[in-house]
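Below: one structure, written as structure tokens.
Quick note: numbers below take in every heavy atom, side chains included, and nothing from hydrogens, waters or symmetry partners.
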Amino acid sequence: IGVVVTHLGILILIAGVIYGGMSGFRYEVRAIEEEMTIVPGLPFVIRLDKLVIEEYAQDVAAGMNPGNELKKRQDSHISLIRNGKHWTNFVTRPGKPAKVYGVTILPSLNETGWYFELVVTDPLGREKTIPVRPWEPPIINIGETPVMAHSLMDTGTLNAQIFTLIDEQMTPLGVVSREQVLELNGSSIALGAVSRYTGLFIYNRPHAPVLFIGCLAMLFGLIWHFYH
């Protein structure tokens with residue numbers, strides 16, 4: 001009977017893997033503060049209300065592993081919207097996922113940063129707001145000069161470095177911040193709205209109970225075979 005139960009467990013595991021591949025899902029998205037994130041197949045919309053990040057003090061961080069990207073605090077305050085109305089809210093952080101409707105929501109440990117906007121004013125005084133997502137930075141044409149900014153730095157003052165693209169090489173042009181505007185070809189580039197963002201892993205594992213049963217069956221079969 002031990003051999004039969006062991007093989008039955010193997011078959012259950014195979015069935016569980018197939019079931020999970022057909023019915024489970026896993027998404028990696030980036031949620032921006034105060035914006036909605038729609039994930040296909042979910043019965044709700046995700047809104048990142050606030051991302052609270054607190055870094056370790058420099059003297060503490062200096063004693064850590066250089067590759068360690070842990071933060072002292074990284075709380076994602078999330079609301080779920082269902083049928084156009086607020087449904088529920090919770091706080092989650094790396095290592096402590098939230099589970100709703102069988103769906104797990106887990107913030108990324110190292111994918112956090114700043115989403116920001118650049119306000120470009122042309123020589124006629126017309127303003128245009130350019131959203132900058134670091135994972136897909138836009139190329140902006142200022143007159144005949146293509147420029148881009150791909151990240152925002154926090155050096156005590158939030159600032160973004162502006163580059164130009166020449167022969168596929170990035171050449172720095174200057175820095176924009178709340179206090180500093182970059183003039184280029186008669187236009188000006190200023191820093192606009194700024195928000196934090198975080199990566200989110202969103203997944204479900206409907207096959208987990210099946211795999212658990214399969215493992216138990218294999219264990220029972222092996223014990224019966226060798227010790228009965």
- Item | Pair Leu118-Ile162, side chain to side chain contact (heavy atoms under 4.5 Å, CB included): steps then yes or no | CA-CA 10 Å; Leu118 294 177; Ile162 306 298; 4.1 Å; yes
- Task: List the atom of Ala149, the atom of Val132, and the distance in Å for their closest heavy-atom pair.
- Result: O-CG1, 3.0 Å
- Item | With sequence neighbours excluded, residues passing salt bridge (charged side-chain N to carboxylate O under 4.0 Å, His left out) with Glu136 | none
- Query: Is the count of non-hydrogen atoms from other residues, nucleotides or ligands lying under 6.0 Å from Met153 atom CE greater than 12?
  - Reply: no
- Message: Starting from Ile140, can I reach Val119 by hopping between I/L/V/M/F/W/Y residues whose side chains sit under 4.5 Å apart?
- Response: no
- Item | For Glu144, all residues meeting side chain to side chain contact (heavy atoms under 4.5 Å, CB included), sequence neighbours excluded | none
- Close side-chain approach of Tyr115 to Val194, heavy-atom, < 4.5 Å: no
- Does anything in residues 180-201 pair up under ring-ring contact (aromatic ring centres under 6.0 Å, His included), and if so which pairs, sequence neighbours excluded? Trp135-Tyr197
- Query: Considering only heavy atoms from C-beta outward, does the side chain of Tyr203 approach that of Val103 to under 4.5 Å?
  - Reply: no
- Would the number of heavy atoms belonging to other residues, nucleotides or ligands and lying under 6.0 Å from CG of Asn83 be above 12? no
- Message: With rounding to the nearest 0.5 angstrom, report the OG1 to CZ distance, Thr88 to Arg82.
- Response: 11.0 Å
- Message: For a 4.5 angstrom cut-off between non-hydrogen side-chain atoms, does Arg73 reach Val52?
- Response: yes
- Item | side chain to side chain contact (heavy atoms under 4.5 Å, CB included) assessment of Ile189 paired with Ser187 | CA-CA 7 Å; Ile189 306 174; Ser187 297; 5.9 Å; no
- Message: Thr198 vs Leu48, test: side chain to side chain contact (heavy atoms under 4.5 Å, CB included). Steps then yes/no.
- Response: CA-CA 9 Å; Thr198 182; Leu48 178 61; 3.9 Å; yes
- Query: Could you give all pairs that pass the salt bridge (Lys or Arg N to Asp or Glu O under 4.0 Å) test and reach residues 30-47, with sequence neighbours left out?
  - Reply: Arg30-Glu111, Arg47-Asp49
Listed pairs under 3.5 Å, donor-acceptor, residues 121-131 side chains, sequence neighbours left out:
unit_1 : atom_1 : unit_2 : atom_2 : d
Asp122 : OD1    : Leu124 : N      : 2.9
Asp122 : OD1    : Gly125 : N      : 3.0
Asp122 : OD1    : Arg126 : N      : 2.8
Asp122 : OD2    : Arg126 : NE     : 2.7
Asp122 : OD2    : Arg126 : NH2    : 3.0

- Note on the structure: Sequence neighbours excluded, the answer for side chain to side chain contact (heavy atoms under 4.5 Å, CB included) partners of Ile53 is Leu51, Glu55, Lys71, Gln74, Thr112, Arg196
- Here the gap from Met170 atom CE to Leu165 atom CG, rounded to the nearest 0.5 Å, amounts to 6.5 Å
- Item | Sequence-distant partners of Phe163, ring pair (Phe, Tyr, Trp, His ring centres under 6.0 Å), two or more places apart | His150
- Item | Separation between CD1 of Ile202 and CG of Leu106, rounded to the nearest 0.5 Å | 10.0 Å
- Task: Could you tell me which non-hydrogen atom of Phe116 sits nearest to which non-hydrogen atom of Trp114, and how far apart they are?
- Result: CD2-O, 3.9 Å
- Task: Applying ring pair (Phe, Tyr, Trp, His ring centres under 6.0 Å), name anything that partners Tyr101, two or more places apart in sequence or on another chain.
- Result: Trp87
- With sequence neighbours excluded, residues passing side chain to side chain donor-acceptor pair (under 3.5 Å) with Ser195: none
- Task: Please tell me if the side chains of Thr104 and Asn204 come closer than 4.5 Å, counting only heavy atoms from C-beta onward.
- Result: no
- Task: Quick one: which residue pairs count as a salt bridge (Lys or Arg N to Asp or Glu O under 4.0 Å) with a foot in residues 83-99, not counting sequence neighbours?
- Result: Asp75-Arg93
- Item | Contacts of type side chain to side chain contact (heavy atoms under 4.5 Å, CB included), residue Val45, not counting sequence neighbours | Met36, Ile38, Ile81
- Query: If every non-hydrogen atom of Asn185 is compared with every non-hydrogen atom of Gly143, which pair is closest and at what distance?
  - Reply: ND2-CA, 4.2 Å
- side chain to side chain contact (heavy atoms under 4.5 Å, CB included) between Leu200 and Thr37: does it pass, once the steps are laid out? CA-CA 10 Å; Leu200 293 176; Thr37 301; 5.9 Å; no
- Note on the structure: Heavy-atom nearest pair, Thr92 first then Pro97, reads OG1-CA, 3.6 Å
- Which atom of Ala98 lies closest to which atom of Phe90, heavy atoms considered: CB-CE1, 3.4 Å
Identify each donor-acceptor pair in which a side-chain atom of residues 172-184 lies under 3.5 Å from a protein atom, sequence neighbours left out, and give them as a table.
unit_1 : atom_1 : unit_2 : atom_2 : d
Ser177 : OG     : Glu179 : N      : 3.3
Ser177 : OG     : Gln180 : N      : 3.2
Arg178 : NH1    : Gly192 : O      : 2.7
Gln180 : NE2    : Val175 : O      : 3.3

